[in-house]
Amino acid sequence: MSLTELMPLIIIAVILIAVAILFTFVPVALWISALAAGVKVSIFTLIGMRLRRVVPNRVINPLIKAHKAGLNVKTNQLESHYLAGGNVDRVVNALIAAHRANIELPFERGAAIDLAGRDVLEAVQMSVNPKVIETPFIAGIAMDGIEVKALARITVRANIDRLVGGAGEETVIARVGEGVVSTIGSSDTHAKVLENPDSISQTVLSKGLDSGTAFEILSIDIADVDIGKNIGAILQTDQAEADKNIAQAKAEERRAMAVAQEQEMVARVQEMRAHVVEAEAEVPKALAEALRTGKMGVMDYMNYKNIDADTGMRDTIGNLTKDSSEDDQK
């Protein structure tokens, strides 16, 4: 075949390749879908999205959805939110849900909530259908020393205006727990808490615990109340045990001092006995000196010995009488 005969085939092939490239780079089918839905988007806008590395489906499909829902959303708004890393489809769904529920939610606020990391669609749904948060058992001690445990259910609704920068569920639970503990602690007896548990919810709810949070507290209900330990009795028992240990320590200290004093007295008695023995040792010397110097005669010495012997005999008889009387008593 000559070149002249091949030229039409080459032209057709080039046209087919150009059309394939065009349909690959330019989302013509998406453009047609947008026109069919009544959304005016130029083909050059789609080409610009490709050049800006924006996936056209992620912008045009939510735009069609918003247009069908009657929302006035611009292509540039959706594209800028996509480039910022946001979820365009979720924001549009949230705007549609808010529009259906008569909740005022501008696109800028919805985009800010989404970029802040919160689920804006879930927040809108929570505004329509409030969420119930259940706290763990919160323990408080009444003034009579009895521990009271309360389980609370908090019904909250999302506050769209405070979603950005507002505290989350953990803060709400912590504040409610603090209020429950404070209310139980101010009760005179645990019986009052058991008799009227709604006083806890009324007191806690009146404190405005949702201030600065992303929620609006609708109600606080006490689901269960239980009695715990007698903390007052336990503390008194521990105090009594501590006082007993202190008294025992002081008594042991006094006993040790008495033992030491007793040993000291025994030592002093031994010392006195040593002095007596020393003094008795001087008696024979004195007698010998008196006999030698003539100050004492032989008869005087014999009388002294007789008296000494008589005294010893009487002591012996006295000891025998004492021992026999003790045996009789036994």
Side-chain angles (χ1 to χ4, degrees), residues 133-154 167-213 217 220-279 318-319 322-323 325-330:
I133 304 173
E134 185 170 305
T135 67
F137 270 104
I138 303 169
I141 303 174
M143 296 179 68
D144 59 354
I146 305 298
E147 182 184 34
V148 180
K149 299 179 180 179
L151 178 67
R153 288 192 175 96
I154 313 165
E169 293 183 13
E170 294 80 5
T171 302
V172 174
I173 294 175
R175 290 182 180 180
V176 171
E178 180 183 355
V180 171
V181 172
S182 175
T183 305
I184 295 175
S186 61
S187 301
D188 295 333
T189 62
H190 69 285
K192 287 187 177 181
V193 180
L194 297 177
E195 179 183 356
N196 192 16
D198 60 338
S199 63
I200 300 177
S201 58
Q202 293 173 2
T203 304
V204 175
L205 192 59
S206 64
K207 292 185 177 181
L209 302 180
D210 54 3
S211 175
T213 66
I217 297 179
I220 299 176
D221 304 305
I222 303 301
D224 189 14
V225 178
D226 195 7
I227 297 297
K229 300 178 181 179
N230 191 338
I231 303 298
I234 293 175
L235 291 176
Q236 290 178 359
T237 303
D238 293 342
Q239 184 63 43
E241 185 68 21
D243 292 341
K244 185 190 76 171
N245 293 334
I246 293 173
Q248 287 179 346
K250 290 183 177 180
E252 182 64 24
E253 181 181 358
R254 289 194 296 270
R255 190 193 67 82
M257 292 179 64
V259 171
Q261 188 175 7
E262 180 184 2
Q263 294 298 321
E264 183 179 354
M265 296 303 295
V266 169
R268 290 183 64 185
V269 168
Q270 294 297 329
E271 183 181 357
M272 292 296 103
R273 286 179 179 174
H275 288 312
V276 170
V277 171
E278 183 180 358
N319 290 334
K322 183 179 179 181
D323 292 339
S325 63
E326 290 179 354
D327 291 339
D328 293 338
Q329 290 177 0
K330 291 181 179 179

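Given the structure is predicted, the values throughout are model-derived calculations rather than measurements. Residues: numbered from 1 along the sequence shown. Side chains included, hydrogens not; waters and symmetry mates left out as well; all remaining heavy atoms used.
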Using residues 266-275 as the side-chain source, report each donor-acceptor pair under 3.5 Å to any protein atom, sequence neighbours left out, with the distance given to one decimal.
none

* To do: With rounding to the nearest 0.5 Å, note down the distance linking CG in Leu194 to OG in Ser187.
  => 9.5 Å
* Please report the closest heavy-atom contact between His190 and Asp144, naming both atoms and the distance. => ND1-OD2, 2.8 Å
* Asked: Less than 4.5 Å apart, any side-chain heavy atom of Val148 and any of Ile227?
  -> yes
* To do: Output the distance between atom CD1 (Ile146) and atom CD1 (Ile184), rounded to the nearest 0.5 Å.
  => 12.5 Å
* Asked: Just how far is it from atom CD1 of Ile173 to atom CZ of Arg175, taken to the nearest 0.5 Å?
  -> 12.5 Å
* Structure fact -> Between Arg153 and Ala223, the two heavy atoms sitting closest are NH1-CB, 2.8 Å
* Structure fact -> Note: Ser199 and Thr183 closest approach over all heavy atoms is O-CG2, 4.2 Å
* salt bridge (charged side-chain N to carboxylate O under 4.0 Å, His left out): pairs with one or both residues in residues 225-252, sequence neighbours excluded -> Glu241-Lys244, Glu252-Arg255
* **Approximate separation, where rounding is to 0.5 Å, of Gln236 CD and Asn230 CG** => 8.0 Å
* **CD (Glu134) with more than 12 external heavy atoms under 6.0 Å** => yes
* Quick one: pull up OG1 in Thr135 and CG in Leu151 and give me the separation to the nearest 0.5 Å. => 5.0 Å
* Considering all heavy atoms of both residues, which atom of Val180 and which atom of Val204 are nearest to each other, and what is their separation? -> N-CG2, 3.7 Å
* Taking all non-hydrogen atoms of both residues into account, name the closest pair between Glu147 and Ala139 and its distance. => OE2-CB, 3.4 Å
* Closest heavy-atom contact between Ala152 and Ile220? -> CB-CG2, 4.4 Å
* Asked: Do other residues, nucleotides or ligands put more than 12 heavy atoms under 6.0 Å from the CD atom of Glu278?
  -> no
